[in-house]
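Heads up: the structure comes next, in structure tokens.
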Amino acid sequence: MIQKALLSAAVTILLAHYISRQKRDRKRTVDPKGERVIIVGCSSGIGKDCALKYASRGAKLVLFARREELLKQLRDECQEAGSPLVEYFVGDVTKEHDLQQLSDFTQEKLQGIDTVIYCAGMISVRPFLESCGVSVVDKTATVDKEKSQAVDAALLNITTINYFSAIWTAKLFLPMLISSSVAPNYIVISSMAGKVGAPTRALYAGSKHALHGFFDSIRVELKLLNVHIGLVCPGTVDTDLRFSAVDTSLGSGTVSGSKKNKLSPNQVADRIILASDLREREVYIPSWFGYAALWAKLIASPLVDVFAARKYKT
Ligand SMILES: NC(=O)c1ccc[n+]([C@@H]2O[C@H](COP(=O)([O-])OP(=O)(O)OC[C@H]3O[C@@H](n4cnc5c(N)ncnc54)[C@H](OP(=O)(O)O)[C@@H]3O)[C@@H](O)[C@H]2O)c1
Ligand SMILES: *[C@@H]1O[C@H](CO)[C@@H](O)[C@H](O)[C@H]1NC(C)=O
């Protein structure tokens with residue numbers, strides 16, 4: 001049994017390696033110099049580093065997030081880095097109206113778009129029942145009604161930012177991509193939590209998993225239009241994401257998170273841009289970690305739970 005599983009794993013790894021090699025030859029036909037890129041959620045972290053890297057390649061950029069001061073600074077930095085055209089637009093992805101205005105703004109400033117990077121996101125950091133105000137003593141559970149309602153708000157907020165808004169953005173930008181680019185790319189930043197569940201990440205993992213179902217489906221629908229859909233799944237990255245977690249106020253005590261082996265937003269941004277250039281459908285960062293987790297999940301799921309529990313120390 002185990003031998004069979006290992007053998008099939010080995011065969012698949014070889015196949016995947018072969019296929020990804022081939023894919024690397026399928027380069028995109030958009031010139032990086034002058035590539036029109038919008039980055040949704042780029043005032044900090046991974047999105048910010050993507051913006052700076054695209055700028056240094058000479059891309060034309062539209063930057064979007066809520067914090068205007070940071071966007072203004074980033075615009076200046078992008079100009080210094082070599083972008084011929086950088087505009088920013090202040091708004092909230094959870095407001096469809098803002099996204100509508102953003103799409104009009106982008107059409108006006110860039111006369112179309114080649115690449116959309118959807119990077120806005122929010123995380124959860126507490127065990128679900130703890131957030132709900134459920135305490136269990138000697139198998140007796142008591143419920144805090146107020147907290148339970150607050151969890152509903154948190155669920156709605158995180159799912160909107162991570163999932164609904166990614167779809168609203170797609171709805172608005174896919175038509176523009178299709179009509180204005182020779183090789184349209186829509187890239188979504190998911191997470192390893194979009195492929196594998198983990199304690200304290202339930203709300204987060206749920207919303208990220210949902211992205212894969214939606215975007216894997218429309219990828220097939222859009223194939224004949226030459227639209228590329230890419231999903232990028234990083235492991236833990238050294239950003240401020242955890243400080244604005246949706247459930248911070250829903251409990252007390254320390255917030256769960258892994259400090260070891262953090263990726264830098266800089267290296268993640270490099271990989272995102274490569275994934276876009278090569279039109280890769282799904283990438284894991286680091287790659288070995290993603291494939292190990294996915295294979296382990298297929299052939300020995302309980303093992304994944306053990307590692308997930310250890311990583312988040314529950
Ligand atoms: N950090 C990690 O460990 C990690 C791991 C895997 C995946 N990711 C994913 O990477 C993406 C970027 O996260 P990050 O780590 O770079 O964290 P971050 O620094 O907190 O970046 C999040 C960005 O999203 C923007 N944003 C959040 N809510 C928004 C809203 N309602 N409207 C408009 N913009 C909004 C923020 O800008 P404003 O606050 O100015 O609006 C910020 O620029 C997220 O999708 C996250 O899930 C992160
Ligand atoms: C949800 O979002 C609303 C609107 O932005 C905000 O007022 C509220 O505090 C958020 N609630 C939670 C639990 O995140």
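Indexing begins at 1, ligand by ligand and atom by atom, following the structure's order. This is a predicted model, so every value here is computed, not measured.
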Does an N or O anywhere in [X] fall below 3.5 Å from an N or O of ligand 1?
{"X": "Ala65", "result": "no"}
{"X": "Ile46", "result": "yes"}
{"X": "Asp92", "result": "yes"}
{"X": "Val237", "result": "yes"}
{"X": "Arg67", "result": "yes"}

Residue selection (non-hydrogen contact nearest atom 40 (O) of ligand 1) among Ser191, Ser43, Gly41 |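 The residue whose heavy atom sits nearest atom 40 (O) of ligand 1 is Ser43.
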
Between Ala120, Ser190, Ser165, Ala245, flag the one that comes closest to atom 26 (N) of ligand 1 by a heavy atom.
->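 Considering heavy atoms of Ala120, Ser190, Ser165, Ala245, the nearest to atom 26 (N) of ligand 1 sits in Ala120.
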
Which atoms of ligand 1 are found less than 4.0 Å from any heavy atom of [X]?
{"X": "Thr236", "result": "3 (O)"}
{"X": "Ile189", "result": "9 (C), 10 (O), 45 (O)"}
{"X": "Gly91", "result": "32 (N), 33 (C)"}
{"X": "Gly45", "result": "16 (O), 19 (O)"}
{"X": "Cys42", "result": "43 (O)"}

Protein contact of [atom] - nearest heavy atom, named by residue and atom, plus distance:
{"atom": "atom 20 (O) of ligand 1", "result": "Leu241 CA, 3.6 Å"}
{"atom": "atom 1 (C) of ligand 2", "result": "Asn157 ND2, 1.5 Å"}
{"atom": "atom 1 (N) of ligand 1", "result": "Thr239 OG1, 3.0 Å"}

Would you mind telling me if ligand 1 is within reach of the side chain of Arg242, the backbone, both or neither, using heavy atoms under 4.0 Å?
->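 The side chain, only.
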
Check if [X] has a non-hydrogen atom at a distance under 4.0 Å from any atom of ligand 1.
{"X": "Met192", "value": "no"}
{"X": "Gly235", "value": "yes"}
{"X": "Tyr204", "value": "yes"}
{"X": "Lys208", "value": "yes"}

What class does the angle between the rings of Tyr163 and Phe214 fall in, given that below 30° is parallel, 30 to 60° is tilted and above 60° is perpendicular?
->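 Rings of Tyr163 and Phe214: perpendicular, as their planes differ by over 60°.
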
Assess the side chains of Asn185 and Thr115: does a donor N or O sit below 3.5 Å from an acceptor N or O?
->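 Not at all, the side chains of Asn185 and Thr115 share no donor-acceptor pair under 3.5 Å.
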
Ignoring hydrogens and angles, state whether a donor on the side chain of Thr94 or Ser165 is under 3.5 Å from an acceptor on the partner side chain.
->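 No - no donor-acceptor pair under 3.5 Å links their side chains.
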
For residues 39-49, which residue pairs qualify under side-chain hydrogen bond (donor to acceptor under 3.5 Å, both in side chains), counting only residues two or more places apart or in two chains?
->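 Pairs touching residues 39-49 that pass the test: Ser43-Arg67, Ser44-Arg67.
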
Please could you name the atoms of ligand 2 that Val246 approaches to less than 4.0 Å, counting only its heavy atoms?
->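 With Val246 as reference, the close atoms of ligand 2 come out as 13 (C), 14 (O).
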
Which ligand 2 atoms, with their elements, are less than 4.0 angstrom from a heavy-atom of Ala154?
->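 What qualifies from ligand 2 is 13 (C).
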
Determine whether the aromatic ring centres of Tyr291 and Tyr284 lie less than 6.0 Å apart.
->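 Yes - the distance between ring centres of Tyr291 and Tyr284 falls below the 6.0 Å cut-off.
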
Take [atom] and look for protein heavy atoms under 4.0 Å from it; say yes if you find one, no if not.
{"atom": "atom 4 (C) of ligand 2", "value": "no"}
{"atom": "atom 11 (N) of ligand 2", "value": "yes"}
{"atom": "atom 14 (O) of ligand 2", "value": "yes"}

Sequence-distant partners of Tyr204, ring pair (Phe, Tyr, Trp, His ring centres under 6.0 Å), two or more places apart =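 Not a single residue meets the ring pair (Phe, Tyr, Trp, His ring centres under 6.0 Å) criterion with Tyr204.
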
